[in-house]
Number of protein chains: 2
Amino acid sequence: MSPVALYIQLADLLEARITSGEFAPRKPIPSEAHIEQEYGVSRGTVRAAIRLLRERGLVATMPARGTYVTERKS
Amino acid sequence: MSPVALYIQLADLLEARITSGEFAPRKPIPSEAHIEQEYGVSRGTVRAAIRLLRERGLVATMPARGTYVTERKS
DNA sequence: GTACATTTGTTCGTATGTATA
DNA sequence: GTATACATACGAACAAATGTA
């Protein structure tokens, strides 16, 4: 057994939505509260996933603004 | 050998920082997350240490606020 | 200028599972 | 079996910043 933590699964899901183009560069992804409801997970799990996305360089978070998809070169 | 549990060592360290005056009365000590990172231990260990400090009467914890150094008579 | 809603940031409380000694 | 230690996950409350009406 090699269980994958929920927040990692969520980060991978969100990454897929970014790389697919569903969430476009320079635009915000849904808010933490929105993702929380959409996936039925806790806010802490959402924040852990988004932290991973930041560490992967996919997004940048601005307090009281939102989390934005990073500009990527193709 | 008389091994001392990690959370007890941590409690003693924090107590020293309180009695030395580094953490002053009526002021909060660093958050659980901060101590966790500072000492590289898990949150459970931090909480066990703080629970000891409470039992020793050195601090009082307020949910969602922080853990405060108790007023001491000299 | 004020009030309100939205959003992220922070903090402690609780529970569960895994691993180790 | 018990105690320790870590990681994960959910909940709740409060704070701060931003934007808008």
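Order of the sequence lines fixes the chain letters, A, B, ..., with proteins taken first and strands second; residue numbering starts at 1 for each chain. All values below come from the heavy atoms of this structure, side chains included, with hydrogens, waters and symmetry mates left out.
- Protein atom CG of B/Leu53 is 13 Å distant from nucleotide atom P of C/dC12, rounded to whole Å.
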Tell me which donor-acceptor pairs under 3.5 Å the side chains of residues 46-58 of chain A have, and how far apart each pair is, sequence neighbours excluded?
unit_1  : atom_1 : unit_2  : atom_2 : d
A/Arg47 : NH1    : A/Glu32 : OE2    : 2.7
A/Arg51 : NH1    : A/Glu55 : OE2    : 3.3
A/Arg54 : NH1    : A/Thr61 : OG1    : 2.9
A/Arg56 : NH1    : A/Asp12 : OD1    : 3.1
A/Arg56 : NH1    : A/Glu15 : OE1    : 2.6
A/Arg56 : NH2    : A/Asp12 : OD1    : 3.1

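- Clustering ILVMFWY residues whenever any of their side-chain heavy atoms sit less than 4.5 angstrom apart, transitively, puts B/Tyr7 in a cluster other than the one holding B/Phe23.
- Here the P atom of nucleotide C/dT7 and the CD1 atom of A/Ile29 are 12 Å apart, to the nearest Å.
- Base pairing analysis places D/dG1 opposite nothing; no Watson-Crick or G-U wobble pair with both distances below 3.5 Å involves it.
- Shown here is A/Glu22, whose CD atom has more than 12 heavy atoms of other residues, nucleotides or ligands within 6.0 Å.
- With a 4.5 Å cut-off on side-chain heavy atoms, A/Ile35 and A/Ile29 count as touching.
- Atom pair A/Gln37:CD and C/dT7:C1' shows a separation of 14 Å (rounding to whole Å applied).
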Provide a list of protein-nucleic acid N or O atom pairs under 3.5 angstrom, restricted to nucleotides 8-12 of chain D.
unit_1 : atom_1 : unit_2  : atom_2 : d
D/dT8  : OP1    : A/Tyr7  : OH     : 3.0
D/dA9  : OP1    : A/Leu6  : N      : 2.3
D/dA9  : OP2    : A/Leu6  : N      : 3.2
D/dA9  : OP2    : A/Tyr7  : N      : 3.2
D/dC10 : OP2    : A/Ser42 : N      : 3.1
D/dC10 : OP2    : A/Ser42 : OG     : 2.9
D/dC10 : OP2    : A/Thr45 : OG1    : 2.3

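- Taking atom CZ of residue B/Arg47 and atom P of nucleotide D/dC6, one finds them 15 Å apart after rounding to whole Å.
- Separating the NE2 atom of B/His34 from the C1' atom of C/dC12 is a distance of 16 Å, rounded to the nearest angstrom.
- A/Tyr68 forms part of a hydrophobic cluster together with A/Met62, judged by ILVMFWY side-chain heavy-atom separations under 4.5 Å.
- Between A/Glu38 and A/Arg17 there is a salt bridge, since a side-chain N of the basic residue sits under 4.0 Å from a carboxylate O of the acidic one.
- The OH-P distance, from B/Tyr39 to D/dA5, rounds to 15 Å in whole Å.
- Listed nucleotides C/dC12, D/dC14, C/dT8 differ in distance to B/Arg65; the shortest reach to its side chain belongs to D/dC14.
- The separation between B/Arg54 atom CZ and C/dC12 atom P is 10 Å, rounded to whole Å.
- C/dC12 atom P lies 16 Å from atom CZ of B/Arg51, rounded to whole Å.
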